[in-house]
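Shown next, in structure tokens, is the structure this report addresses.
So you know, we letter chains A, B, ... as the sequences are listed, proteins then strands, and number each from 1. Heavy-atom basis, side chains included; hydrogens, waters and symmetry copies ignored.
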There are 2 protein chains.
Amino acid sequence: MSQTVERALRILELFAERPRSLGEVAADLGVHRSTALRLVQTLERGGFARPVDGRYTVGFRMVAIAHQAVEQLDLHPVAHPHLVRLGDRYGHTVHLAQLVDDEIVYVTKVDGRGALRMRSRVGQPVDPHTSGVGKAVLAHLDQPARERFLARLTYPRHTDTTITDPVAFRAELARIVERGWAEDDGEFEDFVNCVAVPVWDARGRVVGAVSITALRALAPLERLHEHLPELTGTCAAISRDLGWPGDPP
Amino acid sequence: MSQTVERALRILELFAERPRSLGEVAADLGVHRSTALRLVQTLERGGFARPVDGRYTVGFRMVAIAHQAVEQLDLHPVAHPHLVRLGDRYGHTVHLAQLVDDEIVYVTKVDGRGALRMRSRVGQPVDPHTSGVGKAVLAHLDQPARERFLARLTYPRHTDTTITDPVAFRAELARIVERGWAEDDGEFEDFVNCVAVPVWDARGRVVGAVSITALRALAPLERLHEHLPELTGTCAAISRDLGWPGDPP
DNA sequence: GCGATAGTTGCAAGATTTGCAACGGACGGG
DNA sequence: CCCGTCCGTTGCAAATCTTGCAACTATCGC
């Protein structure tokens, strides 16, 4: 609706990938260099962009605002200490995803102790059919909401184990409800697997999920399964902090 | 330079504080509601804003971009695992600040185990005269850069212990260089104190600092001092990961 | 010293944004 | 039940604000 703002946002997207020169920005937007300059300058004066050796990148105001935004989410503040404790315990990567309106978003990540770090996901929407947290939330959603999700779901294949069949996916969701937890058996990336457990609010509705993720080489599913009691306990603790009465779902 | 973009950024700032209705936005910007609507819609379609029960807030694209930006910083990725380990050890809050151009910015925070969480600072510029990390970096900066910092420094008082005298501040910096670490004795907030140690790069220049922060009631300075060997070790490890030869400064 | 690339500025043209007025829906009090 | 208010939304004409141009400067590398 506003061309100018659209261009400014596009510029921020460009900066997020990697630092860009004014020329690159202008070329990408298809505008004159002077136009690009004025947009970038505006971003810079607002702290949304900053120069870095002959190029521009995302500015710190942006970082600060985003951080503030995450802290405003209901789940993050109550869950965080629990997640840190959980991360401590096994040294694996811990993710928290929250159900926000009609999408599921990664809200917190606690890095594991290994040298490798998972490609980061905070702020990104969860892919429901290839992630533990996605399946955990989806499975425990109430009927109409789940159907709304499923309706707009596509099933692109990422690995051999990716579930690409809607019917099989529904079966998987049913299984998850039954046992109370979900897993990702290398369905997004071959060498990564995880287990995930849902989090409940005061009214007994799913609000998100917590997952323990690890390289298969480091901790295969069987090993992660051993952490399920701890993970379930953590999610119960978070849920109780949210006012959950504590009944089994 | 671009009024429209300026307004869009202003809107994001508003959303960061708390969710806003269109009317509030329009009022704050001093524009017609329809104008505000079109700007907000543009932000929303870009994922930079999102509706939340009758109001608008910061969108997740914003969060994702900011996160990506932080990961691009040189210090963050190498330092993070060390910080987590340090946080584990004592359960106190750990901050990492990085020197970026002519400012020092909080880049990472590892929350402590206590129920209380520090008011968050990631992405925010460090106040050099009231923070451990600020003083640690400033003290070890090369002469000209330090003078440039000092030149534009004001010394607003926040607490009884805030250093408000430029001369006293220089003396403090000298003391910090001598002993190799800095402290914040409730200089920003009465009840919070911290110790901080600088981080070096391959060429032996300060690139940032790490601090261990705690409520005074929980861990007074004397207690934090006991953690200095560990903190110094962590900073040395980070510095070595950055290519620091390992000579004492 | 030449050529390339980066950033910057004034100005005129006009595309883009703006304010207006009016509509529909939701909510709450009277 | 109706009125008042506050929400978001749309079409349109006016004009503000943005845009592209062209020219200038600076820096880097050959």
Side-chain angles (χ1 to χ4, degrees), chain A residues 1-62 69 72 100-103 144 148, chain B residues 1-62 72 100-103 144-145 148:
Chain A
M1 316 240 46
S2 167
Q3 190 189 57
T4 319
V5 174
E6 257 171 16
R7 286 173 174 167
L9 299 186
R10 171 80 188 141
I11 291 176
L12 289 174
E13 302 271 359
L14 291 176
F15 289 173
E17 288 177 25
R18 58 193 149 87
R20 307 284 186 146
S21 73
L22 201 50
E24 291 177 87
V25 173
D28 184 280
L29 295 183
V31 298
H32 196 270
R33 285 209 322 286
S34 60
T35 303
L37 171 70
R38 286 181 275 240
L39 293 176
V40 170
Q41 279 182 334
T42 308
L43 291 173
E44 187 183 347
R45 285 198 306 170
F48 285 68
R50 78 191 155 92
V52 51
D53 48 55
R55 295 198 151 64
Y56 294 93
T57 334
V58 178
F60 290 113
R61 200 71 253 278
M62 184 98 181
Q72 273 181 29
V100 183
D101 303 323
D102 58 346
E103 59 178 353
R148 247 179 289 128
Chain B
M1 314 235 49
S2 165
Q3 190 190 55
T4 319
V5 175
E6 257 171 15
R7 286 175 174 167
L9 299 185
R10 172 78 189 141
I11 291 176
L12 288 174
E13 302 272 358
L14 292 176
F15 288 173
E17 287 176 24
R18 59 192 149 90
R20 308 283 187 146
S21 72
L22 247 195
E24 291 178 86
V25 172
D28 184 280
L29 295 182
V31 298
H32 197 269
R33 284 207 323 283
S34 60
T35 302
L37 171 69
R38 285 180 277 240
L39 293 176
V40 170
Q41 280 181 333
T42 308
L43 291 173
E44 187 184 347
R45 286 197 306 166
F48 286 68
R50 76 190 156 93
V52 51
D53 47 55
R55 295 199 151 66
Y56 294 94
T57 339
V58 178
F60 290 113
R61 200 71 252 277
M62 185 98 181
Q72 273 181 30
V100 182
D101 303 323
D102 59 345
E103 58 178 355
R148 246 178 291 132

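Scored by the side chain to side chain contact (heavy atoms under 4.5 Å, CB included) test, A:Glu6 finds B:Thr42, B:Arg45 as partners (sequence neighbours excluded). Qualifying side-chain hydrogen bond (donor to acceptor under 3.5 Å, both in side chains) partners for B:Glu17, counting only residues two or more places apart in sequence or in other chains: B:Arg20. Take A:Glu103 and apply the side chain to side chain contact (heavy atoms under 4.5 Å, CB included) test, not counting sequence neighbours, and it matches A:Val105, A:Pro125, B:Phe60. Applying the salt bridge (Lys or Arg N to Asp or Glu O under 4.0 Å) rule to A:Arg55 yields the partners A:Glu24; only residues at least two apart in sequence or on another chain are considered. B:Ala27 is linked by a side chain to side chain contact (heavy atoms under 4.5 Å, CB included) to nothing, counting only residues two or more places apart in sequence or in another chain. A:Glu13 pairs by the side-chain hydrogen bond (donor to acceptor under 3.5 Å, both in side chains) definition with B:Arg61, not counting sequence neighbours. Not counting sequence neighbours, the partners of B:Ala36 by the side chain to side chain contact (heavy atoms under 4.5 Å, CB included) test are B:Leu22, B:Val25, B:Ala26, B:Val31. Under the side-chain hydrogen bond (donor to acceptor under 3.5 Å, both in side chains) criterion, B:Arg50 pairs with no residue at all, not counting sequence neighbours. Every residue two or more places apart in sequence or in another chain that forms a side-chain hydrogen bond (donor to acceptor under 3.5 Å, both in side chains) with A:Arg10 is listed here: A:Asp28.
Separating the CG atom of A:Leu39 from the C1' atom of C:dT16 is a distance of 13 Å, rounded to the nearest angstrom. Counting to the nearest Å, the P atom of D:dT16 and the CD atom of B:Gln3 are 11 Å from each other. When the P atom of D:dC6 is taken as reference, atom CG of B:Leu37 falls 18 Å away, rounded to whole Å. Taking atom CD on B:Gln41 and atom P on C:dT17, their separation rounds to 13 Å, with Å as the unit. Regarding B:Arg55, its CZ atom lies at a distance of 8 Å from the P atom of D:dC7, rounded to whole Å. If you measure from atom CZ of A:Arg7 to atom C1' of D:dG20, you get 11 Å, rounded to the nearest angstrom.
Taking a pair as Watson-Crick or G-U wobble with both distances under 3.5 Å, the runs of three or more consecutive pairs in DNA chain D are C:1-23 with D:8-30, C:25-30 with D:1-6.
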query = Taking protein heavy atoms under 4.0 Å as touching, what does nucleotides 24-30 of chain D look like 5' to 3' if B marks base contact, S marks sugar-phosphate-only contact and - marks none?
reply = -------

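Between B:Tyr56 and B:Ile11 the shortest side-chain heavy-atom distance does not fall below 4.5 Å. Between A:Phe15 and B:Gln72 the shortest side-chain heavy-atom distance does not fall below 4.5 Å.
Sorted by residue number, the members of residues 10-32 of chain A with any non-hydrogen atom under 4.0 Å from DNA chain D read A:Val31, A:His32.
Contact annotation: B:Thr35 side-chain N/O to C:dT17 OP1/OP2 distance is not under 4.0 Å.
In the interface, the side chain of A:Arg38 is not paired with the base of C:dG7 through any donor and acceptor atom under 3.5 Å apart.
Side-chain proximity of B:Thr4 to C:dT17, D:dT10, D:dG8: nearest is C:dT17.
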